[in-house]
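Remarks on the structure that follows.
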6 protein chains.
Amino acid sequence: MKDTITSAKVLVEALPYIQKYFNKTVVIKYGGNAMVNDKLKMAVMKDIVLLALVGIKVVLIHGGGPEISTMLNIMGKESKFIDGLRYTDEETAEVAAMVLAGKVNKNLVSLIQQNNGKAIGLCGLDGGMLQVEKLQGEVDLGFVGDIKKVEAAPITMALKNGFIPVVATVGADKDGQTYNINADTAAAAIAGALKAEKLILMTDVRGLLREKEDEDTLIHKVRVDEVPGLVSSGILSGGMIPKIQSCVDGIKSGIKEAVIIDGRIEHSILIELFSDEGIGTLLY
Amino acid sequence: MKDTITSAKVLVEALPYIQKYFNKTVVIKYGGNAMVNDKLKMAVMKDIVLLALVGIKVVLIHGGGPEISTMLNIMGKESKFIDGLRYTDEETAEVAAMVLAGKVNKNLVSLIQQNNGKAIGLCGLDGGMLQVEKLQGEVDLGFVGDIKKVEAAPITMALKNGFIPVVATVGADKDGQTYNINADTAAAAIAGALKAEKLILMTDVRGLLREKEDEDTLIHKVRVDEVPGLVSSGILSGGMIPKIQSCVDGIKSGIKEAVIIDGRIEHSILIELFSDEGIGTLLY
Amino acid sequence: MKDTITSAKVLVEALPYIQKYFNKTVVIKYGGNAMVNDKLKMAVMKDIVLLALVGIKVVLIHGGGPEISTMLNIMGKESKFIDGLRYTDEETAEVAAMVLAGKVNKNLVSLIQQNNGKAIGLCGLDGGMLQVEKLQGEVDLGFVGDIKKVEAAPITMALKNGFIPVVATVGADKDGQTYNINADTAAAAIAGALKAEKLILMTDVRGLLREKEDEDTLIHKVRVDEVPGLVSSGILSGGMIPKIQSCVDGIKSGIKEAVIIDGRIEHSILIELFSDEGIGTLLY
Amino acid sequence: MKDTITSAKVLVEALPYIQKYFNKTVVIKYGGNAMVNDKLKMAVMKDIVLLALVGIKVVLIHGGGPEISTMLNIMGKESKFIDGLRYTDEETAEVAAMVLAGKVNKNLVSLIQQNNGKAIGLCGLDGGMLQVEKLQGEVDLGFVGDIKKVEAAPITMALKNGFIPVVATVGADKDGQTYNINADTAAAAIAGALKAEKLILMTDVRGLLREKEDEDTLIHKVRVDEVPGLVSSGILSGGMIPKIQSCVDGIKSGIKEAVIIDGRIEHSILIELFSDEGIGTLLY
Amino acid sequence: MKDTITSAKVLVEALPYIQKYFNKTVVIKYGGNAMVNDKLKMAVMKDIVLLALVGIKVVLIHGGGPEISTMLNIMGKESKFIDGLRYTDEETAEVAAMVLAGKVNKNLVSLIQQNNGKAIGLCGLDGGMLQVEKLQGEVDLGFVGDIKKVEAAPITMALKNGFIPVVATVGADKDGQTYNINADTAAAAIAGALKAEKLILMTDVRGLLREKEDEDTLIHKVRVDEVPGLVSSGILSGGMIPKIQSCVDGIKSGIKEAVIIDGRIEHSILIELFSDEGIGTLLY
Amino acid sequence: MKDTITSAKVLVEALPYIQKYFNKTVVIKYGGNAMVNDKLKMAVMKDIVLLALVGIKVVLIHGGGPEISTMLNIMGKESKFIDGLRYTDEETAEVAAMVLAGKVNKNLVSLIQQNNGKAIGLCGLDGGMLQVEKLQGEVDLGFVGDIKKVEAAPITMALKNGFIPVVATVGADKDGQTYNINADTAAAAIAGALKAEKLILMTDVRGLLREKEDEDTLIHKVRVDEVPGLVSSGILSGGMIPKIQSCVDGIKSGIKEAVIIDGRIEHSILIELFSDEGIGTLLY
C-alpha cells in the first residue's frame, strides 16, 4: 500500500508540468543511442504515448543513419566520402528514403501502436510536406536537401485526429527528385512551422559542457544571443555547433524554446518535461 | 537522477490505466474523513485535477453534514430527531441548501482553481438539474427529496467546456420548494444519467468486509446479483446497505461499475483508478 | 376579441426594440427594492426570461446586503463600522459569500426556472471569474475586493448553451482568500469584459435629477464627458457618484451604453429596453 | 407611464406562448382578404417578422389567384371554365408561375425586408422543391399539379441561415413542365415534409361553424377521426371540405396540428399562437 | 475504344484548369444570343452544371430585355424612349421585375435542375441583396437603379449549401420601390462583393478588336491602366465602353480578373476557363 | 477553335458520370502493367488526380511484387518456393514491407503531388489499419496475413482533409509482427470497410472472357450468384478465380459493385467510370 501511495504522489507531482504543456506542441528529434538500444527505445515509445495521452501534441521526427548504412552494405553499395562526409548519390538517396520511410518509420509507428498509442507514419513527400532544393555548401554532398518550405497540413491533420505523427526526414524538389535531409535541421524547421512550445533534440551527450569531459559543468540554459560568445570561447565546438544552430534557427522561426538532452538516460524526455530544471541544455 | 528516473517509470506505469479511463466519465461522491482532514482534502483535489487533465471527465458530488450542523448550532437552531434520524424542517432545508451550495461547494471550487484546475460549482437547482418529490418512507423526515428526474445538461456543458463540475446535492420540487438529498443517492442518480464508466463512493471504511473488524477480509468484487445473499448472510448490514444499494441502483440505470473506497487513505481515488486490483469493493 | 387585438398590437410595437437588442448582451445589476418586494421581484424574473427568449443575452448580477445583515444577526455576529462604512472581517466575508452564492443566488436561479427560463447560478470563484486584490482606499474596509481580472468563460459558456447566468459578486485573490465585491462595480467590470451592448443598474431612485426631489427634472441622457461638470455643479452627488462612476468605467472598458433605472417601477427593465426614451438616466 | 407598464405586462403574458413555439416550425398558408387588404397585409407581415425574431421558424406559403386573373385580363387572355373550375392551359400555367414567383412572392419578400425581417423568395422549382405529376381527377383541369415529392432543403437552408422562406406554389414535373398547385395542398405537403409544429390556413371565414351563419357556434377543436362524421352530418361542407382535408393529410404526414383561422381579423396569426383558446378551428 | 481514350485525354487535359479554379468563385453575366438560341442556352446550362460539379463556385447573373419587351407588348404597354434609351416608368419597372424574377430566372433554375444541377433563383430583393438609389445621369431614365450596397449573404448561403445561385438584376431602394438594374453593372458589383476569381461577361462580339470588323485582331489581354488610352485611340468605343468599365470597376472592388467572351460560340464559358489563352478579351 | 469546342463537348458529356460518383468512394487496386509502364503509370496518376478533383473520394491500394523481387535480388536473398508459390520468411516480409511502404508507396505519393494532387502514403501499420493473423491454408506460405480487422480511420481522415490515401498492403498481428498481404484481398477488405461505391481491380487482361483468347467475348456483367456456375463451367478459372472472389467478398461486406479492368489500356479507370458500358467485367 505504501508503494502505491508513493506512486500516486509521483503522479500528482507531475500535475504542474502536464498543465504547462497541455495542448501545446512538442517536437522530438529522436536519434542516437536511444534509437539503437532496445530498452531505451521502448522507454521513449512509452514516454511519447504518455505525453500524447495527457493532452500534449507530440511530433516525432527521426533519421536513421545506421539502418541506411546496413542496407547499403547488404546491397553491396560502396559509400563515397568527401572530407569525411558521406556523399549522397542518387541511388543512395533512394535507398535512404526507402529505409527511413519504409523501415525505420513504420517500425516506430508499429511500436507506438503496440503501446496502445495511435500513430501515423509520414515522410516529407506526403502532402508535399518538406519541399527542398539542393543544399549549397563548400563541398558538394550530392542529394542532400535544404528545406525551402514546410507544408504542415499532414502533421496538423494527424494531431487534430488524435494521431502521433512520426516523420522520416526525406524531401523532394520541384521535379520530384528525392533528397535526404539532416534530421536535426528538419525537426527545427517543422517545429518552427508548427510554432511549437518546445523542440527536443535527443543526443548521446549530457548537453553543452563548460569543461569538456566534465558532466558536472553542464550548462543548463543558454540565451540565443549568448551562442556566438560560446563559439568564440571554444566551449561550443564540433558537432554541437550545427545542433545548437538548428535550435537557434528554430527559435527564430517561432519555437518558444529548444533543448538538447541526453538520450542515453532512460525516460530522458519525461524527465526533461516533468521537472523544474530539466535534464539538458536549454536554448531560449 | 535515480529518483527522477523512478518517478518517470511510475508515470509510465500509469499509462494503461489512463488509457482505460480516457474520455470516460467518472463520478466521485466525496465525503467523510477525506472532506474533514485538510491533508486528505488537498490530496483529493490534486487527484481530481490530475484526472481531469489526463482526459478523464470527472464529476464531483458532495454533501456536507458537519458544516450544516455547525451552522445550525451557530444559528441557535435546535435539531429534531425521529428514531435517531434528523428531521429536516423547512428552515433546516434552507440552511442546508445555503451551506452546501454557498459554502462547501464554492470552497471546493476554490481549492480546485488554486490547484490550477478549472471548476464550476453547481447545485441541483441550476438548470433544474435535480427534480425531486418528498421522500416517502416509514418515517416522515421532512424536506428530504426523492429524485424523479436528472437534467444533466449543466453538467455535460461544464465537462464539454473543460470544467470540473462540482455539485451540491440540493434539489427542488415542481413548486420550487427546496429539499435536501442524500449525497450517495444523488451521486448514483447523476452517474446513471451520465452513463458513467465508474461511480466512486468515498467512505470511512475499507470496503465490504467478510468478517467485521478484519480488514484483511476485504471483498474486492461483488456482482449485483450477489447482493441479496450478502444481506441475508449478514455480511452486508447497517450503513453499508444503503451505500451498496445506491451502487446497485446506479448500475441498473446505466453506470458500468461502482466502487466503495476508503477515503482515509491518501490518494485513494488515484490508487483505485490506477491499479489493477483497486483499493475498495467493486460492484459490477 | 378587442383586447386580444390590442395585445397583439403591443407585441408588434415591441418588434423594433427586440430587433435592436437581438443577439446582443445586456448586463443587469439587480438590487434595491426590486429585490425585496415580492411583486417587483417576480416582474423582474419574467422580464428576464422574456428577454432571454427573444434572443437577448441577459446576464444577471446581484449583491444582497439585507440578507447578509439578517444572517449576521441570526449568527449573533456584531458588525463593526468605520466612518459609517461596514468593515468586512474574514468571518463576515465568508458569511457574505455563503449567503450571496448559496442563498440569494440559488433563489434567483430557482425563480427563473419556475418561470420556465433556464438559469445557472455562479459566483466569482467559479472558473476563477472574478480575480481580486484587497481594495486600497483611504479607509481599510477589510476583505473588500478590487477586481483585477474578469475571466468571462463561465458566463459566455452559459449564454452559448442557452442559460441565463446569475452571478453573485464574490471573488478571490491569488491565495484563494474570499472577498466581497461591490455589485455595481462588479456588474460594470463584467459588462466591460463581455463588451455588452448595455449595462442596466437597478436603483431605488428615478435616475439623475437636475433638481433634487423633483422627479420631473430627470436627466435622460448624459455623455461621459459631461460627468465631471455635473459633479462640480453639485447635480451629481452622494451615492449617485459611485454608481455613475461604475457606468463611466464600464463604457471606457467597452460597454456601449449604461443606464440607471428605477427598480421600484414594475417591469422597469422591459420599459427601459422596449421604448424610445427609456425610463432612467442613460450614460453613453 | 401606466400605459407602458400595461404594455410590458402584455409582453410578459406572451411568454408561455413564445416558449411553447420556440425553435418549432410554423407553416402559414397566406391568402384571402388578408392578402388583399393593405392594413391586414401589413399586420400579417409584422406578425411574421415578430414570430421569426422570437425564435419561431416561420414558413410563408402563398398563392395569388386575383393577381393572376388581373394579369390574364391585361394580357387579353380569355379564361376557360369547366364545371365552374378554371382550366389551366399551358400559357395560363406559365403566366401564373410568373405572377406568383415574380410578383406576389417578391412583393412579400420586399415587405418583410422593409419591416427589418430577412426573407428569401422561393418557388417549387428552386432546388426541385415541389415535384409534381398532372393532377388526375374526374375533370381534366389542365396543368394543375399533384405533389409527388417535397425536397425541403431550400427551405431548411433558409431557416437555418435566419431567413423567412416565402414560397410560391408553382411546381414542375420530370420534363420540366410548369404546373400550378393549390396553395392549401402545397402548404400542407410542405408542413408535413418539415414535420411542422403547426400549419395555419388563413381564410375569410371564422372557422368551422356548427350552425352556418352563426359565428357563435364556432367549433374550436376537431379530432382527425371526427371529420367523416362532420361531413355526413352536413356541418362540414362546400369549400371547407378540401381545406379540412389538407389539414388532415398534413397531420397524417407528420404535422402536429393544423388550424383554420379568420384572416379578416387583424393580427389573427399572433392571436391564434399567443392565446390559450386560439381563434379558429383546430385539427389535431 | 480509340474515341473513348481520346475523350479521356481531353478530360485529363482539363485537370490544370479545374485545379486553377477549384473552390474559387466565378461570376457569369449571361445574356445576348446565348440566352435566345436554344442550342447555345442548353450548352451554357451544361457548362455551368459541370463547373459547379468540379468544385467551382458559379454564380449566374442575368437580365432579359427581349422577354420584358415581349411582355410589355402583350400587355399593350407602349414604351417611351429618350435619346434612344428606354424610359422605365413605375409600371415598366414592375413588369420588368416580374418577368426577370418570375419567368427568366425560374426558367434558368428549371433548366439547371433538369441537367441534374442544383439551383436557387434569387433577385436583388431577396435578403435585401441589391440596395439601390435612383441612377443619376444626364438623362432621367426613370426607375433605373444605381447599386449602393450588395448584401451577399443569400448568394454565399446558396453556394455553401451546394446550390448555383441564379440572380435576376432587380433591386429596391430604402422605401421598397423596385428598380431595374443594368445586368453588366450588377454582375460586376456582385462579383466585387464576392471577391470573385473571375467575372465573365457574355456578349455577342468576339471581344475587343484592334481593327473593327476584323476578328483576327482580337486583343487578348488589357491591363486596367491601358483602358483610357484605348478609349482615346478610338479602339474602345460605343457599347463596349460601359462593358469594359463594369470590368474595371469590378477589378477595383476586388475581382481578380474579368473577361468579355463571345456567347455565340458553343461552350464559350468552358473554353474560356479551360484553355491557356482563353477565348475573349481579358481585363486584369 | 473547332478542336476546343469538341473538347468542351467531351467534358460536358462526362457530366452525368461525374454526378453519378460525386462524393462517393472508389477504391482502386493498382497493379500489373499499368504500374510498370511509365506512360500508363502517368495516365493512372492523372486519372486519379482528376477523379479526386471532381469530388470523388479515391483510395489507391497497391502491392509491388516486381520491386520486391528486384530488391531481394540486389540483397542476394534467395527466394524459396512451395508448389510454385513464394514462401515469405520473416526477412522477406520485412524487406517487402520496406519496399512497399518506403519505395513504391512514396513514389506514387510523389507522382500524385507532381500532378498537383494531394496524397498521403500509408500502410496497414499506420493507425493499426490492417490487423491480420497468419493466413491458414493448405500450404504454409510463411508471413502472409489474413485480414481480421480494418481500422479505416486513417483513410477517412485523409479523405476528409482532401488527401488521396495511397495504401501499401502491409499489416501486423497482435504482437506487432509484420505480414505481407495480397493486394486484391486487401483492396476488397478496405473497400468493404469504407462501404465503397465501387472497387476497381486493375489487371493485365481484358476481363472475364467467355472464350479464352477471344477478347470479343468479354463478359460485361456478372451477378454474384452467377459466379459458382461460371467456375463449374470452366469459364472462370486460374488466376481469375481469386480476383473474382475478392470482388464477391467485397460486395458481401458492403461494396456496391466491383469491376475488373484492363490496366494495359491508357486511362482505363476514366473510361470505366465515365462511360455507360464500362471497359471490363462488372460484378454486382
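Here is how names work: the chains are called A, B, and so on, in the same order as the sequence lines, proteins then strands, and each is numbered from 1. Quick caveat, the model's predicted, so the values are computed rather than measured.
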Under 3.5 Å, sequence neighbours excluded: what are the donor-acceptor pairs made by side chains of residues 255-263 of chain C?
from, atom 1, to, atom 2, distance (Å)
C:K256, NZ, C:E197, OE2, 3.2
C:E257, OE2, C:K198, NZ, 3.2
C:D262, OD1, C:R264, N, 2.9
C:D262, OD1, C:R264, NE, 2.9
C:D262, OD2, C:R264, NE, 3.4
C:D262, OD2, C:R264, NH2, 2.8

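- Using a 4.5 Å cut-off between heavy atoms, C:S275 does not touch chain D at all.
- The NZ atom of C:K9 sits 12.0 Å away from atom CG of D:L270, with the distance rounded to the nearest 0.5 Å.
- When the heavy atoms of residues 40-54 of chain D are compared with those of chain C, the residues falling under 4.5 Å are D:K46, D:D47, D:V49, D:L50, D:L53, D:V54, listed by number.
- Side-chain atoms of C:E266 do not come within 3.5 Å of backbone N or O of D:A8 as any donor-acceptor pair.
- Around the NZ atom of C:K195, the shell of radius 6.0 Å holds more than 12 heavy atoms that belong to other residues, nucleotides or ligands.
- Residues of residues 160-169 of chain D lying under 4.5 angstrom from chain C, judged on non-hydrogen atoms, do not exist here.
- Atoms CG and CD1, on C:N116 and D:I18 in that order, are 12.5 Å from each other to the nearest 0.5 Å.
- Other residues, nucleotides and ligands contribute at most 12 non-hydrogen atoms within 6.0 Å of the NZ atom of C:K221.
- When each of C:P16, C:S7, C:S268, C:A14 is scored by its heavy-atom pairs under 4.5 Å with chain D, the top score falls to C:S7.
- When all heavy atoms of D:V12 and C:H267 are compared, the pair lying nearest together is CG2-CE1, 3.6 Å.
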Using a 3.5 Å cut-off and no angle test, enumerate the donor-acceptor pairs between side-chain atoms of residues 23-32 of chain C and protein atoms at least two apart in sequence or in another chain.
from, atom 1, to, atom 2, distance (Å)
C:K29, NZ, C:D184, OD1, 2.8
C:Y30, OH, C:A34, O, 2.7

